[in-house]
Structures are given as structure tokens and as C-alpha cells.
Colleague: 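A single structure is presented below for examination.
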Number of protein chains: 2
Amino acid sequence: MAARAATLTDVAKEAGVSLATASRALNGSERVVRAELHDRTLAAAARLGYTPNAQAQSMAKGSTDLVGLLVNDIADPYFSTIAAGLATAAEEHGLLVMLCSTGGRPERELELLAALRRQRGRAIVLAGSRINDRAHLRELAAHVEPFTAAGGRVAAISEPRLPVDTVVVDNRRGAQDLAARLAELGYRRPAVLTGPERLLVSRDRRDGFLAGWRRSASGEPVCAAEEFSRDGGSRAMQRVLDEHPDVDVVFAINDLMALGAMAACRERGVRVPQDVAVAGFDDISTLRDVTPGLTTVRLPLAEMGRMALDLVLGEDAEKARRRKVRGEVVLRESTPGR
Amino acid sequence: MAARAATLTDVAKEAGVSLATASRALNGSERVVRAELHDRTLAAAARLGYTPNAQAQSMAKGSTDLVGLLVNDIADPYFSTIAAGLATAAEEHGLLVMLCSTGGRPERELELLAALRRQRGRAIVLAGSRINDRAHLRELAAHVEPFTAAGGRVAAISEPRLPVDTVVVDNRRGAQDLAARLAELGYRRPAVLTGPERLLVSRDRRDGFLAGWRRSASGEPVCAAEEFSRDGGSRAMQRVLDEHPDVDVVFAINDLMALGAMAACRERGVRVPQDVAVAGFDDISTLRDVTPGLTTVRLPLAEMGRMALDLVLGEDAEKARRRKVRGEVVLRESTPGR
DNA sequence: CTGAAAGCGCTAACAC
DNA sequence: GTGTTAGCGCTTTCAG
């Protein structure tokens, strides 16, 4: 066993035609091959269980139909929704998506970017928050530059820190709008549950919220930083409950953290929204049915994946283009107002 | 622009060494190359922004470090969790995962399987329920067979319908156990919310539940089939509420459908669990915090991804091996008992 | 330890 | 129309 896979040469021999003819019949342009030879070739291919070798094909023609997608964590619904959107768009273009998950580790991000470069895909999409680390950014750029110089295309879905096309989420603005709405609803003692300081998403959303709050109401929000996850949200909420029991509304930097926060409240016997209101960010679809309904800032996640692919497949506009995405505040029962 | 990427030949020339030496220094075994030439080569490579061409490499050495993963829907947490588990395991083996999402369309599954074959990956993992369709199964097998015959490995995470290694989830057993527990809790008028009949997961879970129920209590469960999703669950629940308002417990074939069912109850003013109890299947992690806590059958999703990779990388045991996975009933507040 | 040269499977000129 | 042949970028004998 482990016999080698049938090659085009095998097929050509089996069909009694030349290599070139076999290639044309199987993978090349239509009509050029006489019907009889065409059929004979196809029959031979079927008999041999032949499948073209994509590696060899793309070497010979110097181009692939692969696009790489790099995400922080594929198990996170934020990224899996983006991935799904991008995959759908890719299918329409006949492209194959190579999806890699970095687990949020910067070194791994570099490794995977390198791996994607090696695959010589047509394009690479980087989804996932940039971190505030010049050295890492420089290394990233060092990979991106030769790739684009060689004709590869790169886009990012994140803060615009790299010299590539990027789908920019207006995190500040979204959080700011949310803060304004919450202040309007009569809340006065806010807390912000953030992720690690180095994550730009986290920083932007917090800063946006603070700005929006200061503009609309008095009372400085308290902040608690934890891991960027459901459990982080839970821990952050517990700290807030311990240290600032009078807080009346909590903004968690994303829905997952908000989920953890709500769970923490439940465990402590703190009622949401009667005792404390909770809001998140992203509008993860599986979370739309939690109770009480979670107020959040809706992001068009799947659409963002599609936009990134469009950017990366579109005209090469020399300069790094920006496509801005705005979040829309969605008020639900978790913030009924006072 | 669009200058071609630097090749090994370029590097060799730049470093003033032979192609073979450059190859050895950059990608081959260590020590064989004298330190000086080694360094000179690396320097040249860095200067040129050289990255090996993986396609060419794997052509030359006749093997890849790609493994393909085919899932129904990457946006579904069931699959994204499996994918994450598999990706983690793949990383440990230095393998790259090529993730493809079929959207549940059988034709697309075939197309993507073919694409994965073309990529000549080392292995392919098929995750996702098989459907009850002999023709489709035959076509699938027709792709799998030549791939394995040529030394490729294939594993499935699903019902064992294909002649390949498979991680088999004991859906019947899990549902059966759940039924027994619910009967024990005193429920007497059950309903089952299923997906399309052709989906084997759906069928197995329903049949398991029915069997378990009949063994433990009287009263035949009513069934409602809808789409295999949150919205399907909602619709199915509405129908049950309309046609069998006396139902006291509902088993939804998976957590997503259960979520939809709970939402439908809320909209109708039917209280869960006071008026009707609800249970799901899978134990999706983001759904562990819904209220009331959802009774379900826990599946080790990430672990299943890892197991599939182990199978596919392990000794080729000639015969299609089976690794059975059992679900564990997790009782939560959505089924407090009567 | 280093270099020359033969492929890996396929496409794309280029001839016939 | 169809066949021949020269690469695509790299690894790997096989000689030196």
C-alpha cells in the first residue's frame, strides 16, 4: 500500500495520449481537445482515481487559489463568525481558505504568518486585535513587507497599525455611543471590565467609553482589568462587586466578558438588571438569547470577514486602504434604565 | 511591484554558494555546512527577505505538513470547538491545518474534499454528521479510497458510515441516559425537537431518547422536526406549544435548538422550568451561562478534535479503527424535576 | 563538507 | 488539434 497517487503522466499513458493533451482535457481550457481524446482521458483518470496535484499546478502556473486567515482563537465566536463570513466570500471566488489560530500568542502569530507566506497563498488576512508592542509590530511588518513586495496581498481586521489594507472597527466610537446611551438611561456609577492593557481593542473600547461617559455624565467610571474571556469577566466583576459595591452599571469590553460578569452576579446574588445593569460589545449571535437580554454594540462580524476578502482581492491601490465599520448600540433588558 | 519572491537560487547566488549548500543551510539538517557558509547563506536570505516555497519543498520531498479539516459550519460552536482542539494538537505536531466549511451542503462537502485531496495533505479529518444518503456516501467513499490508497490518512468524527478511522460519538446512549434521568425526575409528557430526518446525529439522538424514555416511563414522546439551528429550535418549540400544550419536558437535539426553544417559551410567556423543562445536547461552553442553566449531555468537543488527529497520525492499523466517545448527562436548573 | 544534476507533477510555449 | 520540451523552486543522490 501507500502506493503513490496517480499522476498526469500515468493518466496520459493509460489513455494513450500525450501529457499535454491529458493536461488540457483535465484541467485546461475546454474545446481544444477532440471529443474522443477528451473522453478517453477522462475515463483513464477516473479509472486511476486521478486527482491533480495542486502543489505542482500552482508551481507550474505560478499562482495559487489559497487565501490564509489568521485569527486569535477559532473557538471564540467573534472570530469564528468572521471566519464564516470570509469563507462564504472565498467560496464565491473559488478560493480555498487556510485558517490558522494563534491562541493569542504573539510568537505563534509570527510563526503562522511565516507558514502562510511559505504556502505562497494569493492573500493573507490578519484578524485579531493588535497588541501595543512595537517590537512585535516590527517583526510582523518584516514578514508582511516581502510578501506584498512579491505580489501577495495582505489585509487586517483590527486597529490600523500595519501598512496594509484594513477593516477598521470604530471601537472608540461604539463604546462612546454606548456610554452616552447608558448615561441617558440614568445610570451614574459605571464600571468598565477590560482585558489586558496591551490589547488595543480593549484599550480603545475602554477609552471610548470613558470619553463618552465624561461627556454625558459626571462620576468617573472604575476599571477592572482581567483576561479577555468569560472567566476574566467573571473575575473582574467579582472585584468590582467587592471594591465598589455601589456600581450601578457595568460595561464589559466584549460579550464574553459580559457573560462572565452576569454569571458572577448570579453567584453573588446580585440581580441583573435590578441591582446592576450590564452591557457588552460585539453582539455575538449565540448570546442573543441570554436572559436578561444583553445590551451591546452590534458589529457586522460576518460582513467584516467578507470586506477583508474584498479588500485583499480588489485593485491594488498602492496605499493601505481603510474600510471603517461602525458598531450600533443595541439596547436590551440588561440595561432598562433607572 | 509584484516582483517575484526571492528563490533559493537567488539566495545561493547572493551568498556565493551552491544551490545545494544554500538548501542545506536554510532548511536541511544542521552541522553539515561549515559555519562560515552557513552564516553567509542566512545573511543573504535575510537580506533578500527569502521564505522557502512550501509547494516546491513538498513537491521535492514528496510530503506535506498540511492536514485538512472539513466541518459543517465553522460558525457553529460545536465545530469551532472541535476545530480548536484539533488545531492545538496539530500545532504540537508542527502541522498546519487547512480548515474548510461546507455549510452543510453535501455537494460542497464533495468539492472541498476534492480540494483537500488536491492539496496532497498528509491527512484529512471529516467532522460533521453524515447524512442518510447512500449515493452521497458512495461519492464520498470514491474520494476517500484513492486518497488512502496513495498513503493519505482519513478520519471522521461522526457516525461510522465511512471505511475510515472514526471518532464515534455515542449519541444514542447519551440521549438514552438523559431520558432516563428526566423520567426519574418525574417528567411524564416529553417532546423531542429534532433536526432534519436525514441527519444521522439527529436521528440517533432522537431514537436514543425514545428508547431511554420507553424503558423508564410510559407516555410516548411527541416529536417536531425543524432546521438544525437556534431558529429551528424556536419554530419546533412553537409547534409543540401549539399542538401539545401539556408537554412538561422538551429535549432538543442540540444546545442551539434548546436555546431557540427557551427563547420561544419566553416569547410565549411559558416559564422554563416551571411550565416546561428543557434539555439540550453538546454542552456548548458559551451556553453554560444561560439562565436557567441548561441541562444537557456534555461532549468533550476539543478532545474529540485531538482524538481525530491522533487517529489520523497514528499507526496505520489497516482496519478502520473506532474511538468511542460517551456523553455525560449534566443536570442544571432547566430541569429541576417535578 | 560542497557542488552538479536529476527529478517531483504540472503548465505553457513552441513546433508539427 | 496534438505532441515535445523547457521550466516552476526545491531536495537529494552522487561525485568530488
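No experiment lies behind these values; they were computed from the predicted model shown. Proteins come first, then strands; the chains are lettered A, B, ... in the order of their sequence lines, and each starts at number 1.
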Colleague: Out of A:Arg323, A:Arg321, A:Lys319, A:Arg322, which one pairs with A:Asp165 under the side chain to side chain donor-acceptor pair (under 3.5 Å) rule?
Modeller: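 Passing option: A:Arg321.
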
Colleague: If you measure only the distance, is there a donor-acceptor pair under 3.5 Å linking the side chains of A:Thr51 and B:Arg118?
Modeller: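 There is no such pair (donor and acceptor under 3.5 Å, judged by atom type) between the side chains of A:Thr51 and B:Arg118.
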
Colleague: At less than 4.0 Å, is any side-chain N or O atom of B:Thr21 found next to OP1 or OP2 of C:dT2? Yes or no.
Modeller: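 Looking at the OP1 and OP2 atoms of C:dT2, neither is under 4.0 Å from any side-chain N or O of B:Thr21.
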
Colleague: What string of B, S and - do you get for nucleotides 6-16 of chain D, 5' to 3', when a contact is any protein heavy atom under 4.0 Å?
Modeller: -BBBBBB----

Colleague: Can you establish whether the number of heavy atoms outside B:Arg161 located under 6.0 Å from its atom CZ is more than 12?
Modeller: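 Yes, enclosed.
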
Colleague: Distance check needed: D:dG1 P versus A:Arg40 CZ, whole Å only.
Modeller: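 Answer to the nearest Å: 16 Å.
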
Colleague: To the nearest Å, give me how far apart CG (A:Leu37) and P (D:dG1) are.
Modeller: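 Distance, rounded to whole Å: 11 Å.
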
Colleague: According to a strict under-4.0 Å criterion, is B:Ser18 in side-chain N/O contact with OP1 or OP2 of C:dA4?
Modeller: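 So the side chain of B:Ser18 is outside the cut-off, no N or O lying under 4.0 Å from OP1 or OP2 of C:dA4.
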
Colleague: Pairing donors with acceptors under 3.5 angstrom, does anything connect the side chains of A:Arg122 and A:Thr64?
Modeller: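 Result is no, nothing qualifies.
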
Colleague: Could you list all the side-chain hydrogen bond (donor to acceptor under 3.5 Å, both in side chains) pairs where at least one residue sits in residues 104-114 of chain B, not counting sequence neighbours?
Modeller: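 Sorted pair list: A:Glu91-B:Arg105, A:Glu91-B:Arg108, B:Arg108-B:Glu111, B:Glu109-B:Arg130, B:Glu109-B:His136.
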
Colleague: Rounded to whole angstrom units, what separation is found between the CG atom of A:Leu48 and the P atom of C:dG9?
Modeller: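 In whole Å, C:dG9 P and A:Leu48 CG are 13 Å from each other.
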
Colleague: Starting at atom CZ of B:Arg117, determine the distance to atom C1' of C:dG9, rounded to an integer number of angstrom.
Modeller: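 Value for this atom pair: 15 Å.
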
Colleague: Do you know which two heavy atoms are closest between A:Arg198 and A:Gly104, and how far apart they sit?
Modeller: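 Shortest heavy-atom separation between A:Arg198 and A:Gly104 comes out as NH2-O, 4.2 Å.
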
